[in-house]
2 protein chains.
Amino acid sequence: MNDYNHPAARYYQEVSEQCIHYLSIDGVIFGFHQNQLKVLLLRWKGTNEWSLPGGFIRKIESVDLAAQRIMQERTGLDALYLQQFHVFGEAERYNQEETWGKINLPLQNVNWSARTISIGYYALVEYSRVVPAPDFLTEECRWWNVEAIPALLFDHNHIIQVALQSLRKQLNDQPISHLLPETFTIPELQRLYETILGSTLDARNFYKKIMASDRLERLSERRAGTPHKAPFLYRFKSDNFTTE
Amino acid sequence: MNDYNHPAARYYQEVSEQCIHYLSIDGVIFGFHQNQLKVLLLRWKGTNEWSLPGGFIRKIESVDLAAQRIMQERTGLDALYLQQFHVFGEAERYNQEETWGKINLPLQNVNWSARTISIGYYALVEYSRVVPAPDFLTEECRWWNVEAIPALLFDHNHIIQVALQSLRKQLNDQPISHLLPETFTIPELQRLYETILGSTLDARNFYKKIMASDRLERLSERRAGTPHKAPFLYRFKSDNFTTE
DNA sequence: ACAAAAGTGTTGCGTTTACACCCATGT
DNA sequence: ACATGGGTGTAAACGCAACACTTTTGT
């Protein structure tokens, strides 16, 4: 009943042989565009069901590198900034029957019914550099506003919530520069903080604080094309941290 | 060459059949006694080599419950306060050959050579209630001062360091009451903070801060038998949180 | 009496919050 | 000119750090 020439079949074969069973990685890839915090999601083939990108860990591969590999494949970027944030290990993370019912699995007898533990990573990436690419189980890969995420497959809504909470808690220790283009304005940076924190900030206090941190340098240029006063452009001084 | 009546053989058999491969749990069990922060370690049979307690996750078991089970077996306590703190997933976490050479494995052909990913949990337990119990690979289970831990097997020194860092960072959000007996004095509580943080605190400021938090209630009794002024006993108000 | 630890209050500093005004630009 | 957002300073509040003295008790 099994078509071993089916690309999915070959993939499962590979995963089954080379990867660790019962364990996966799920990635919450954060981007920032037009003052909106975004997450990269995948739509499964022939359905209207969305999920986070994810994958499996090879038996001989470090978990961090596995996460890199998986996220690279969906974004086209290398050397992403990744942060492990939680292990989701409930015995019943989600309703299995219901979930499999929603997906048109290309194969019948792949054993998908076993429980899976998932290691959650979030990534901070520069929106404009990402070239979203679906995998062969999915036919669409695109950004969604964090505020407008639909009901996802598995427990992925929950995972995004936990990722967001972690990001909020760790915001001041994370290299948020990865979410922004090389140059940006202070108001843009403030919007980024505001979207992540989900609250508004006082522009004057924000300015003071961010300047006191001494991580920014002001360029001589200003952002053109704005309807009002042209804001200065800034850049992060020596992006020293890459993968933490 | 394999003795299937050997208790270790049966254990390996069970683990191999029922548990998830390539994935384990390591536990850093913190206790506090005589103003010292302690960690529970195991000495392997016929050796002078020590390691953290650990174990495997059953295919149908939640990761948190697996951690509970493993720590319960070493401490004799149930409903421990546990906190997942990091996944150790390097491809080469430690020198395998060197490590296996140090241990007298009771069996020849158990495949111990594969890499293992480990989920790190720390536990906060009340020292005096613990009845340390070795497992069948080890012949001694006892507390060690955090400051005097020897070179351990695997990467367990590293894991303890990361656990301690996490605990320090999260100290104010953790139910440290679990590390103390039902009643205790303020100076004792201060010693606990100091040992975890690795620095001394101002008694006056500490007193104010801990009182302002409104988590303690003073009892009418005082600690007897002290060489000097008898300190009041305190208790944490309604230990609401158990396993967080 | 005295040594050693317990118990408490006051002050100052630095960080964060609240708040107001001028500037530049496109319409 | 005016509406809109950018850019900055100042004052009050709050939280944390520094610090000194009295109390109690065993020796």
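Throughout, a chain's letter reflects where its sequence line sits, starting with A, and its residues are numbered from 1.
Under the rule for a side-chain hydrogen bond (donor to acceptor under 3.5 Å, both in side chains), A/Thr185 has no partner lying at least two apart in sequence or in another chain. Not counting sequence neighbours, the partners of B/Asp214 by the side-chain hydrogen bond (donor to acceptor under 3.5 Å, both in side chains) test are B/Lys237. In this structure, B/Thr195 has no side-chain hydrogen bond (donor to acceptor under 3.5 Å, both in side chains) partners at least two apart in sequence or on a different chain. Not a single side-chain hydrogen bond (donor to acceptor under 3.5 Å, both in side chains) links A/Tyr207 to another residue, sequence neighbours left out.
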Base, backbone or nothing for each nucleotide of nucleotides 3-12 of chain D, written B, S, -, heavy atoms under 4.0 angstrom, 5' to 3'? -BBBSBBB--

Show which side-chain atoms of residues 69-77 of chain B pair as donor or acceptor with protein atoms under 3.5 Å away, not counting sequence neighbours.
unit_1  : atom_1 : unit_2   : atom_2 : d
B/Arg69 : NE     : B/Glu61  : OE2    : 2.7
B/Arg69 : NH2    : B/Phe56  : O      : 2.7
B/Arg69 : NH2    : B/Glu61  : OE1    : 2.9
B/Gln72 : NE2    : B/Gln68  : OE1    : 3.1
B/Arg74 : NH1    : B/Ala133 : O      : 2.8
B/Thr75 : OG1    : B/Met71  : O      : 2.8
B/Thr75 : OG1    : B/Leu77  : N      : 3.2

Acceptor/donor pairs from residues 122-129 of chain A side chains to any protein atom, 3.5 angstrom cut, sequence neighbours excluded:
unit_1   : atom_1 : unit_2   : atom_2 : d
A/Tyr122 : OH     : A/Gln170 : OE1    : 2.6
A/Tyr122 : OH     : A/Gln174 : NE2    : 3.4
A/Glu126 : OE2    : A/Ser128 : OG     : 3.1

Expected list for residues 35-42 of chain A: side-chain donor-acceptor pairs under 3.5 angstrom, two or more places apart:
unit_1  : atom_1 : unit_2   : atom_2 : d
A/Lys38 : NZ     : A/Asn145 : OD1    : 3.0

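Taking 4.0 Å as the cutoff to heavy atoms of chain A, we find the contact window on DNA chain C bounded by C/dT17 to C/dG26.
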